[in-house]
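Here's the structure, in structure tokens; my notes come after.
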Amino acid sequence: MNGHKGAGEANGLSQHKMNGTNGKVNGLSDRSKSSDRRREASNGLSTSTSPSSRRESPASAHSRKESNPLAPPFIVSAPGKTIVYGEHAVVHGKAAIAAAISLRSYLLCTTLSKSKRIVTLKFSDIGLDHTWHIHDLPWSTFQRSGKKRKYYDRVDSLDEELRNAMKPHIATVSPDVEHQARKIHQAAASCFLYLFLSLGSESSPPCVYSMRSTIPIGQGLGSSASVSVCLAAALLLQCRALSGPHPDQESEEAAKQLQRINQWAFVGELVIHGNPSGVDNTVATNGHAVLFQRKDYTQPPSVNILHDFPELPLLLIDTRQPKATAAEVAKVGALKKKHPEVVERILDSIDAIVRSVYKTIENTDFDSSSAEADEAIAHLGEMMSVNHGLLTSLGVSHPRLERLRYLVDQAGVGWTKLTGAGGGGCAITLLKPQPRATHGVDGDLNGEAATASPPTTPSHEHGDRSLSSALQDLEQQLEDEGFDKYATTLGGDGVGVLYPAIINDEEIDQEMFLTAEGREGVHELVGGGQSGAWKYWRP
């Protein structure tokens, strides 16, 4: 991670302002925005292209109409996120690291014939199905002088006049569903409509936007930010404001596209949450991991994108114990007020863990498959365990979380900590690397399982209890005790595009997409994001 060295000299961390609303992201400045304006002025059109036109010559691309009613369906995808180190401490001005997880949202965009003149949202996982007639939307307000935004504009706050203009069109969304579901539906619809009216026009192509997600909702895993990134990227592609992604794209150009997606995804998060940190959408856009810190709550947090964060196998485990984020945050605040010196030292220790992890990531080649890489992964895991212990000392754990941690420690398959606010919710387990041929049995497992006598079952009658069999036993025990488990990967790619929506020579149509059964069905249908047909912006 040599690209991160030399900055942030006071603490050894390289930091940039994030979310595209202030300062730089990935070293890009406002110069890129001014060059966009010059290109627009010279030819009246953006020179950025959608995936469908990226192989065309500039002349043919510029001669095309703004909308193509025969455009094939395409899918945009973005990951969820988990806080790996530093929750709660980050509320008190310390650093934290959040990383992408391979549980993702998928948005299928199906262009309709010109005569339809409608846009439809079909978010089947939450039961949202709503259609607007394009010509009925409040274009006159959004496109009035001083209100209309360009795709390269930075937007760091919402225009209340524009929000008020949307209200009659949001009020008709899901009028007959129960209150909480309607609230979720209208938040998603508001996010879409604000972005659509800001980036589109009355001549935008009629389209059905179908959403499926493998990210659990309401668990602090960035599901709304993932949706915002998908919507922003899709609408920017449709208005030809993005180039790529493609394998030959220059690093700086790829970073510029990600910055553009991120700043509009942040607008979507503003609509949903009011005052988001911008961290979730930054992780969902860029993938990998980010280190962030917010010392002054009147300013956006400082964020450094960790492009070299390794992809690591992870178990995400839901305790199925409801949590109350505000209550857990208040609990730590009250404890700090009562015992300021003690709690401050605990928070400083959590901060030291984050910086230790950062240093390890910066100085390790995780692609080398070496003993050094395994040692670095073990360090990351040990720091997770210590971080959990410190969070427990702050009073934000729960008996279900402690039971889960005990089970993982007994199995010896990895390192576990709560993620997010605690008090229930989810935990993450970083799995140990697969053992090398030179490792003995004792090297296969950590924790008590490394020395404990194996269970008297046929598969273990010779005492050869492998990592994989221990993991299978753990998974069965988790199921028996009512935990929900998701096998996932930490630190993978950010926003990606499948254009056209074809996997293994088969087009993914709307019916296939909406009727795919559960998370596994969606994951299998789209190729798990691992098919070579998927393309990602990779700076």
Just by modelled atom types, is the [Y] backbone N or O under 3.5 Å from a matching donor or acceptor in the [X] side chain?
X	Y	result
Gln219	Leu221	no
His88	Leu391	no
Glu328	Gly422	no
Lys122	Gln510	no

How many angstroms lie between atom [atom1] of [X] and atom [atom2] of [Y], to the nearest 0.5 angstrom?
X	Y	atom1	atom2	value
Tyr486	Ser102	OH	OG	13.0 Å
Phe266	His273	CZ	NE2	11.0 Å
Leu108	Ser77	CG	OG	12.0 Å
Ile272	Ser228	CD1	OG	4.0 Å
Tyr209	Thr111	OH	OG1	7.5 Å
His133	His169	NE2	NE2	12.0 Å

Within 6.0 Å of [atom1] in [X], more than 12 heavy atoms from elsewhere:
X	atom1	answer
Glu524	CD	no
Arg320	CZ	no
Lys116	NZ	no
Glu517	CD	no
Lys183	NZ	no

Query - Distance-only polar pair, side chains of Ser243 and Gln257, donor-acceptor under 3.5 Å - result: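 Indeed, the side chains of Ser243 and Gln257 share at least one donor-acceptor pair under 3.5 Å.
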Requested in this report: Kindly determine whether Ser204 and Gln238 satisfy side-chain hydrogen bond (donor to acceptor under 3.5 Å, both in side chains), including the steps that lead there.
Outcome: CA-CA 8 Å; Ser204 291; Gln238 287 183 319; over 6 Å; no
Taking the side chain as every heavy atom from C-beta outward, state whether [X] and [Y] have any atom pair closer than 4.5 Å.
X	Y	result
Asp125	Met211	no
Leu235	Trp264	no
Ile118	Val208	no
Phe483	Asp318	no
Val290	Val279	yes
Ile503	Val526	no
Val229	Ile261	yes
Pro245	Tyr536	no

Query raised in the report: Testing Ile305, Thr282, Leu242, Thr285 for side chain to side chain contact (heavy atoms under 4.5 Å, CB included) with Leu258, which one passes?
Result: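 Exactly one candidate clears the test, Thr285.
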Query - Identified side chain to side chain contact (heavy atoms under 4.5 Å, CB included) partner of Leu121 from the options Leu107, Asp129, Leu128 - result: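 When side chain to side chain contact (heavy atoms under 4.5 Å, CB included) is applied between Leu121 and each of Leu107, Asp129, Leu128, only Leu128 qualifies.
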Query raised in the report: Below 6.0 angstrom between ring centroids: does that apply to Tyr194 and Phe142?
Result: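 Yes, close enough.
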Query - Phe292 vs Ser302, side-chain contact (heavy atoms from CB on, under 4.5 Å): CA-CA, chis, key distance, verdict - result: CA-CA 5 Å; Phe292 61 101; Ser302 295; over 6 Å; no
Give me the atom names and distance for the closest heavy-atom approach of [X] to [Y].
X	Y	answer
Leu418	His388	N-ND1, 3.1 Å
Ser226	Ser105	OG-OG, 3.0 Å
Leu197	Met166	CD1-CG, 3.9 Å
Asp351	Lys94	OD1-CB, 3.5 Å
Val155	Leu270	O-CD1, 4.4 Å
Gly80	Val283	O-CG1, 4.4 Å

Query raised in the report: Does Arg355 come within less than 4.0 Å of Glu362, counting only side-chain N to carboxylate O?
Result: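 Between Glu362 and Arg355 there is no salt bridge, as every charged N stays at least 4.0 Å from the carboxylate O atoms.
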Query raised in the report: Between Lys417 and Glu87, is there a side-chain N and carboxylate O pair less than 4.0 Å apart?
Result: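 A salt bridge links Lys417 with Glu87.
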Query raised in the report: For Arg104 and Ser213, what are the C-alpha separation, side-chain angles and deciding distance, and is it a side-chain contact (heavy atoms from CB on, under 4.5 Å)?
Result: CA-CA 6 Å; Arg104 303 176 70 93; Ser213 182; over 6 Å; no
Query raised in the report: So Gln143 and Ser201, side-chain hydrogen bond (donor to acceptor under 3.5 Å, both in side chains) or not? Walk me through it.
Result: CA-CA 8 Å; Gln143 297 191 343; Ser201 69; 5.1 Å; no
Report task. Could you please spell out the steps behind the side-chain hydrogen bond (donor to acceptor under 3.5 Å, both in side chains) verdict for Thr325 and Lys323? Result -> CA-CA 6 Å; Thr325 298; Lys323 63 182 179 65; 3.3 Å; yes
Report task. Evaluate the criterion side-chain hydrogen bond (donor to acceptor under 3.5 Å, both in side chains) for residue pair Glu269 and Ser224; output intermediate values, then yes/no. Result -> CA-CA 7 Å; Glu269 284 285 88; Ser224 70; 3.0 Å; yes
Requested in this report: Show your reasoning for whether side-chain contact (heavy atoms from CB on, under 4.5 Å) applies to Leu380 and Leu312.
Outcome: CA-CA 11 Å; Leu380 301 186; Leu312 300 170; 4.0 Å; yes
Query raised in the report: Taking the inter-plane angle between the rings of Trp132 and His130 on a 0 to 90° scale, is it parallel (under 30°), tilted (30 to 60°) or perpendicular (over 60°)?
Result: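 Aromatic pair Trp132/His130 classed perpendicular.
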Report task. Start with the C-alpha gap between Ile134 and Val119, add the side-chain angles, then the distance that decides, and say whether side-chain contact (heavy atoms from CB on, under 4.5 Å) holds. Result -> CA-CA 7 Å; Ile134 294 175; Val119 286; 4.0 Å; yes
Query raised in the report: Does the salt bridge (Lys or Arg N to Asp or Glu O under 4.0 Å) test come out yes or no for Lys256 and Glu250, once each step is laid out?
Result: CA-CA 10 Å; Lys256 177 180 171 183; Glu250 293 290 335; over 6 Å; no
